[in-house]
Amino acid sequence: MRDFALLIDVWYRQNKRNLPWRDTQNAYHIWLSEVILQQTRVDQGKNYYLKFIKNFPTIKDLALAPEDEVLKLWQGLGYYSRARNLHTAAKQILSNHDGHFPSNYSDIRQLKGVGDYTAAAIASFAFDLPHAVVDGNVFRVLSRYYNEDTPIDTTLGKKLFTEYANNLINKKDPASFNQAIMELGALVCTPKKAVCNTCPLNDSCQGLRANRVYELPVKSKKTKTRNRFFHYIYSEQNILLQKRTQKDIWENMYEFPLVEVEKQLTPSATKNVIEKTLGLIIEPSPIAEYKHILSHQHIFATFWKLKLNKPMDTSNYIQCNHSDLAEYAIPRLIDRFLEQVNSSSF
DNA sequence: TTCCTGCGCG
DNA sequence: CGCGCAGGAA
């Protein structure tokens with residue numbers, strides 16, 4: 001339909017939300033907001049965006065900051081590789097582009113952490129270039145609009161939907177088109193409870209006509225998860241920390257001394273394993289247990305308290321008190337435990 | 001409690 | 001193509 005762009009444009013002007021990164025052409029700000037919003041909802045991302053702008057007013061400020069500081073600001077958002085990549089990209093911009101954000105698609109696309117979606121978003125929002133964004137919202141809107149069954153998580157699907165979007169895009173105002181189609185997906189053409197009766201496209205939507213709205217979009221793969229069992233040692237006086245340097249979850253973030261085991265054992269057997277592995281003596285029963293869910297893992301975490309009645313070798317660890325602890329980037333799991341510790345009596 | 005959403009990298 | 005995080009909805 002030729003009306004597509006016009007219809008959503010009219011709708012967008014009347015229904016757009018006011019967001020801090022809208023109505024700016026500052027490429028740095030747009031980039032930052034897009035990276036934050038990559039796997040995060042607007043409500044959760046807003047404050048992080050404002051924090052980052054405040055702490056790092058320019059790309060150079062971000063590039064020259066220590067990684068620990070960037071991760072600390074990102075703490076709680078998840079997918080921490082985004083923060084590490086953001087930092088790397090800032091350095092790329094500083095050294096390769098003299099601190100000025102690149103203004104063409106291919107240079108933007110080369111930045112670490114910037115894929116097809118984010119490159120198109122920045123190119124259109126900051127530089128008015130005609131690159132259609134294809135994110136989760138766009139997949140949903142277009143799969144329904146065209147009643148298109150091709151799975152979106154395949155190379156073919158990605159190519160097809162990108163073609164659809166680039167054919168529909170308004171070349172006169174690509175930025176508004178991109179904003180409009182995503183906003184429609186976020187507010188009207190939602191995964192559940194879509195409000196088709198107020199949708200500007202409901203006359204021509206093939207998915208609605210076929211009553212297949214909730215069957216779309218189609219995905220081919222289902223995600224598999226594995227279980228992991230973490231045992232953390234907490235010492236309330238003199239907190240022990242270590243940095244996760246492995247290629248694993250939470251890379252470069254901090255946590256308590258950890259023993260990971262293959263499967264759940266009895267408490268006393270577990271205690272033996274922990275003490276043997278770490279050379280630390282702990283209290284006989286755990287003080288807290290959590291199930292922490294990640295995209296591909298279920299982590300069963302148990303927290304044990306360090307027994308402080310005899311000296312032991314803690315030189316492998318960073319030692320700090322509660323106020324120092326606030327300087328370290330820690331995963332949500334550890335943070336959640338600390339919230340409980342600080343609010344109750346241990 | 002369980003289910004679901006979200007983009008880029010190696 | 002498997003993996004990375006957290007939180008809101010059902």
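First the proteins, then the strands, lettered A, B, ... as listed; each starts at 1.
- Residues satisfying the side-chain contact (heavy atoms from CB on, under 4.5 Å) criterion with A/Gln14, sequence neighbours excluded, are A/Val10.
- Other members of the hydrophobic cluster containing A/Val213, listed by chain and number, are A/Leu208, A/Tyr214; membership follows side-chain contacts under 4.5 Å among ILVMFWY residues, whether direct or relayed.
- Looking at heavy-atom distances under 4.0 Å, A/Asp135 makes contact with sugar-phosphate atoms alone, never a base.
- Qualifying side-chain hydrogen bond (donor to acceptor under 3.5 Å, both in side chains) partners for A/Thr245, counting only residues two or more places apart in sequence or in other chains: none.
- With sequence neighbours excluded, the residues satisfying ring pair (Phe, Tyr, Trp, His ring centres under 6.0 Å) with A/Phe52 are A/Phe56, A/Trp74.
- A sub-4.0 Å separation between OP1 or OP2 of B/dG8 and a side-chain N or O of A/Gln38 is present.
- Shown for residues 246-257 of chain A: residues whose heavy atoms fall under 4.0 angstrom of DNA chain C, namely A/Asp248, A/Ile249, A/Trp250.
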Pairs under 3.5 angstrom, nitrogen or oxygen only, protein versus nucleotides 3-5 of chain B, please.
{"residue": "B/dT5", "atom": "O2", "partner": "A/Arg41", "partner atom": "NH2", "Å": "3.0"}

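- Within the nucleic acid shown, A/Asp43 has no heavy atom closer than 4.0 Å to any nucleic acid atom.
- Residue pairs meeting the salt bridge (Lys or Arg N to Asp or Glu O under 4.0 Å) criterion with at least one member in residues 187-206 of chain A, sequence neighbours excluded, do not occur.
- In this structure, the side-chain contact (heavy atoms from CB on, under 4.5 Å) partners of A/Tyr79, at least two apart in sequence or on a different chain, are A/Gln39, A/Arg82, A/Ser295.
- Summarising the hydrophobic clusters (Ile, Leu, Val, Met, Phe, Trp, Tyr; side-chain heavy atoms under 4.5 Å, direct or chained), the residues clustered with A/Val218 are A/Leu216.
- For the residue pair A/Thr58/A/Tyr28, the side-chain donor-acceptor check at 3.5 Å is not satisfied.
- Shown for residues 77-87 of chain A: residues whose heavy atoms fall under 4.0 angstrom of DNA chain B, namely A/Tyr79, A/Asn85.
- If you take CG of A/Asn137 and C1' of B/dG6, they are 9 Å apart, rounded to a whole angstrom.
- Side-chain atoms of A/Asn170 do not come within 3.5 Å of backbone N or O of A/Phe177 as any donor-acceptor pair.
- Within 4.0 Å (heavy atoms only), A/Val114 reaches sugar-phosphate atoms of the nucleic acid but no base atom.
- Without hydrogens or angle criteria, A/Thr154 side chain to A/Pro151 main chain gives a donor-acceptor distance under 3.5 Å.
- Under the rule for a side-chain contact (heavy atoms from CB on, under 4.5 Å), the partners of A/Gln75 that lie at least two apart in sequence or sit in another chain are A/Lys72, A/Ala329, A/Ile330, A/Asp335.
- Think of the region where chain A sits on DNA chain C: with heavy atoms and a 4.0 Å cut, that region ends 5' and 3' at C/dC3 to C/dA10.
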